[in-house]
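Below you'll find the structure, written out as structure tokens, and then a few comments.
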Amino acid sequence: MLTGHAMLDVKFVRQNLDFVRESLKKRGQPSDLEDFVDSDSKRRALLLEAEELKHQRNIVSQRIARMTKDKEDASELIAEMRTVSQKIKALDEELSQHEQALRSILMGLANLPHPSVPVGKDSEDNVVLRKVGEAPSFDFEPLPHWEIGQDLGILDFERAAKIAGARFALYMGQGARLERALINFMLDVHTKEHGYLEVLPPFMTNRNSTTATGQLPKFEEDLFKLEGWDYYLVPTAEVPVTNIHQGEILNEDELPRLYAAYTPCFRSEAGSYGKDTRGLIRQHQFNKVELVKFATPETSYEELERLLNDAEAILKRLGLHYQVVALCTGDLGFSAAKTYDIEVWVPAQQKYREISSCSNFEDFQARRGNIRFRRKGKKGTELVHTLNGSGLAVGRTVVAILESFQQEDGSVIIPEALRPYMDGVKKISARPGQAGTKQGLV
RNA sequence: GGAGAGAUGGCCGAGCCGGCUGAAGGCGCUCGCCUGCUAAGCGAGUGUAGGAGGAAACUUCUACCGAGGGUUCGAAUCCCUCUCUCUCCGCCA
């Protein structure tokens with residue numbers, strides 16, 4: 001059987017070969033699908049043959065049962081069926097080879113872009129939809145956040161390197177407090193105002209779950225794997241949270257379901273050597289509040305817009321300048337049908353950097369994870385649509401805050417919305433001798 | 001870590017000395033009837049996936065009783081391995 005682990009729908013691909021080819025080409029991942037057609041047709045031919053034999057076996061077995069009951073001699077039929085069973089076994093083996101081939105072909109095919117996604121080659125072709133707020137202006141040379149953080153004694157990359165290595169951060173004092181404040185702030189806004197249910201999931205997931213959301217098998221090198229265990233450290237809460245409903249059949253009236261989860265995220269960042277080597281932008285471990293939705297197909301694109309708004313709300317309240325970008329076909333992630341990125345302004349770099357990525361996966365993940373729903377009064381099941389988006393990446397939010405609200409004297413103003421989460425602290429400034437000493441507690 | 005018990009349909013729960021059991025019974029759900037509303041009651045229906053046929057409603061076949069193997073003409077039922085859950089003992093928080 002081929003249930004549950006395809007990505008695109010086998011039937012759909014079979015019946016829309018040209019469309020699929022065209023879509024994959026737009027993504028810059030062309031495939032002639034010849035191997036698909038080949039495996040698929042072989043598989044069906046073998047299936048037919050095997051099922052006919054099984055039918056025969058079932059009927060004759062019943063006859064044997066009756067004969068045995070009536071004390072008749074069935075040894076001839078039994079001998080006959082013995083060879084039939086052997087034949088079935090051989091066919092089943094051949095069949096499973098083709099099914100495996102077909103599955104791995106399907107697993108390698110990326111999701112089809114939604115018609116509204118701009119066609120393009122790479123990130124150059126992404127479309128900026130809007131810019132919100134204004135970039136802060138400075139009458140002094142703004143410092144990069146790592147310098148601000150180190151000067152304030154709230155970020156320590158040298159000791160982090162000693163403890164773990166490159167691409168790790170050690171937050172101290174008000175830095176650690178700021179990170180925690182942001183997590184709480186984000187969770188509160190999403191759960192109390194946007195209607196999400198807070199969840200705290202496992203930070204490791206097994207192979208099956210990691211495959212369902214699309215991180216495996218294609219992106220294994222991006223993940224941290226626990227040696228000797230079937231566990232992967234989560235690269236995003238998307239993995240454990242989307243798998244909450246793995247294998248379930250939900251009721252239509254339970255949809256949409258909205259979840260908000262804080263987790264640390266672990267990424268190997270293989271292949272990004274030399275990029276963003278300083279500071280908090282690219283870490284092996286970072287914190288994120290993730291928003292995940294399960295929706296019906298007819299509402300999933302409305303839900304995507306709402307998800308985007310929910311993520312933007314955080315930046316607005318913090319008073320950070322950002323832009324919203326629609327990813328083009330060539331820049332779309334493997335599993336996504338449509339993605340908006342939110343990019344926050346990073347003053348020291350004079351650049352917008354991704355701080356959230358909001359995607360509709362349609363039924364792509366649901367098919368792998370076998371997440372379905374039943375419509376009221378209708379027979380059968382349908383796959384749900386899954387969506388997720390960062391709301392937001394916490395470390396990068398710290399970057400934006402430190403750099404955007406830095407003062408000439410090296411202090412940093414805390415956005416008003418965050419102060420309740422910081423014991424009313426309005427500003428982080430350097431106070432020599434404070435960190436970790438008894439005087440600091442006064 | 002040691003000893004035991006279990007895993008069945010949306011849910012609960014029979015079957016488990018092998019053969020009309022895709023699976024009794026109950027709950028839930030859907031449709032219809034009945035009652036002034038609600039509740040109760042009565043009747044019918046109600047798993048998933050894949051294949052073949054059909055424009056379609058649908059028909060038919062195959063598979064599925066935690067997962068994967070094995071025995072057998074035939075397995076939810078017997079055997080092996082694994083996973084998970086529960087109980088008791090020990091250990092650690």
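Chain letters run A, B, ... following the sequence lines, proteins first and then strands; every chain starts at 1. This one's a predicted model, so the numbers in the text were calculated from it and none came from an experiment.
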Figure out the [atom1]/[atom2] separation between [X] and [N], and round it to whole Å.
X	N	atom1	atom2	result
A:Phe373	B:rG47	CZ	C1'	17 Å
A:His245	B:rG10	NE2	C1'	15 Å
A:Asp9	B:rA49	CG	P	11 Å
A:Asp73	B:rC73	CG	C1'	13 Å
A:Glu49	B:rA63	CD	P	16 Å
A:Glu248	B:rG10	CD	C1'	11 Å
A:Glu52	B:rA52	CD	P	12 Å
A:Glu76	B:rC73	CD	P	15 Å

What interatomic distance, in whole Å, is found between [atom1] of [M] and the corresponding atom of [N]?
N	M	atom1	answer
B:rU72	B:rG13	C1'	30 Å
B:rU38	B:rC61	P	44 Å
B:rU8	B:rG25	C1'	14 Å
B:rC64	B:rG9	P	15 Å
B:rG41	B:rG26	P	13 Å
B:rC29	B:rA40	P	10 Å
B:rA75	B:rU21	P	16 Å
B:rC80	B:rA5	P	13 Å

Smallest separation among heavy atoms of [X] and [Y], with atom names:
X	Y	result
A:Gly279	A:His145	CA-NE2, 3.3 Å
A:Pro201	A:Thr263	CG-CG2, 3.6 Å
A:Arg367	A:Asp9	NH1-N, 3.2 Å

Using only side-chain N and O atoms of [X], determine if any of them is under 4.0 Å from OP1 or OP2 of [N].
X	N	result
A:Arg374	B:rG47	no
A:Arg57	B:rC73	no
A:His55	B:rC61	no
A:Arg14	B:rG51	yes

Indicate every side-chain donor-acceptor pair of residues 235-248 of chain A with a distance under 3.5 Å to a residue at least two apart or in another chain.
from, atom 1, to, atom 2, distance (Å)
A:Thr236, OG1, A:Glu238, N, 3.0
A:Thr236, OG1, A:Lys288, NZ, 2.9
A:Glu238, OE1, A:Asn388, ND2, 3.4
A:Glu238, OE2, A:Gln365, NE2, 2.7
A:Glu238, OE2, A:Asn388, ND2, 3.4
A:Thr242, OG1, A:Glu238, O, 2.7
A:Asn243, OD1, A:Gln246, NE2, 2.8
A:Asn243, ND2, A:Ser209, O, 2.9
A:Asn243, ND2, A:Val239, O, 2.8
A:His245, ND1, A:Glu248, OE1, 2.8
A:His245, NE2, A:Arg257, NE, 3.4
A:His245, NE2, A:Tyr259, OH, 2.6
A:Gln246, OE1, A:Asn208, ND2, 3.2
A:Gln246, NE2, A:Ser209, OG, 3.3

Inset, instruction - Go through B:rU71, B:rG50, B:rU48 for me and flag the one nearest to the A:Glu51 side chain. - result: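 Nearest to the side-chain atoms of A:Glu51, counting from C-beta on, is B:rG50.
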Inset, instruction - For the side chain of A:Ile249, starting at C-beta, report the closest nucleotide among B:rU62, B:rG10, B:rA49. - result: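 Of the candidates, B:rG10 comes closest.
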Pick base, sugar-phosphate or nothing for [X], based on heavy-atom distances below 4.0 Å to the nucleic acid.
X	result
A:Arg66	nothing
A:Asn58	sugar-phosphate
A:Thr381	sugar-phosphate

Inset, instruction - Answer with yes or no whether the side chains of A:Glu290 and A:Tyr262 bring together a donor and an acceptor at under 3.5 Å. - result: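 Looking only at side-chain atoms, A:Glu290 and A:Tyr262 do not form any donor-acceptor pair under 3.5 Å.
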Legend entry - Comparing A:Ile78 and A:Leu47 on RNA chain B - which has the more 5′ nearest nucleotide: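 Closer to the 5' end of RNA chain B: A:Leu47.
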Inset, instruction - With RNA chain B as reference, determine whether A:Lys89 or A:Asp40 sits nearer its 5' end, using the nearest nucleotide of each. - result: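 Here A:Asp40 is the residue nearer the 5' end.
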Legend entry - Partner nucleotide of B:rU81 by Watson-Crick or wobble geometry (both distances under 3.5 Å):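 Result: B:rA67.
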Taking only nitrogen or oxygen atoms into account, show me every contact under 3.5 Å that the protein makes with nucleotides 18-23 of chain B, one pair per line with its distance.
from, atom 1, to, atom 2, distance (Å)
B:rG19, N2, A:Ser61, O, 3.2

Legend entry - Candidate list A:Asp188, A:Leu178, A:Asn287, test side-chain contact (heavy atoms from CB on, under 4.5 Å), partner A:Ile183, passing option: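 It is A:Asn287; the other options fail the test.
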Legend entry - Basic-acidic side-chain contact under 4.0 Å: A:Arg267, A:Asp222: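 Salt bridge absent between A:Arg267 and A:Asp222.
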Legend entry - Electrostatic pair A:Arg375:A:Glu298 at N-O distance under 4.0 angstrom: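 A:Glu298 and A:Arg375: salt-bridged.
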Inset, instruction - Check the pair A:Leu17 / A:Arg21 against side-chain contact (heavy atoms from CB on, under 4.5 Å), numbers first and verdict last. - result: CA-CA 6 Å; A:Leu17 281 172; A:Arg21 266 192 281 259; 3.7 Å; yes
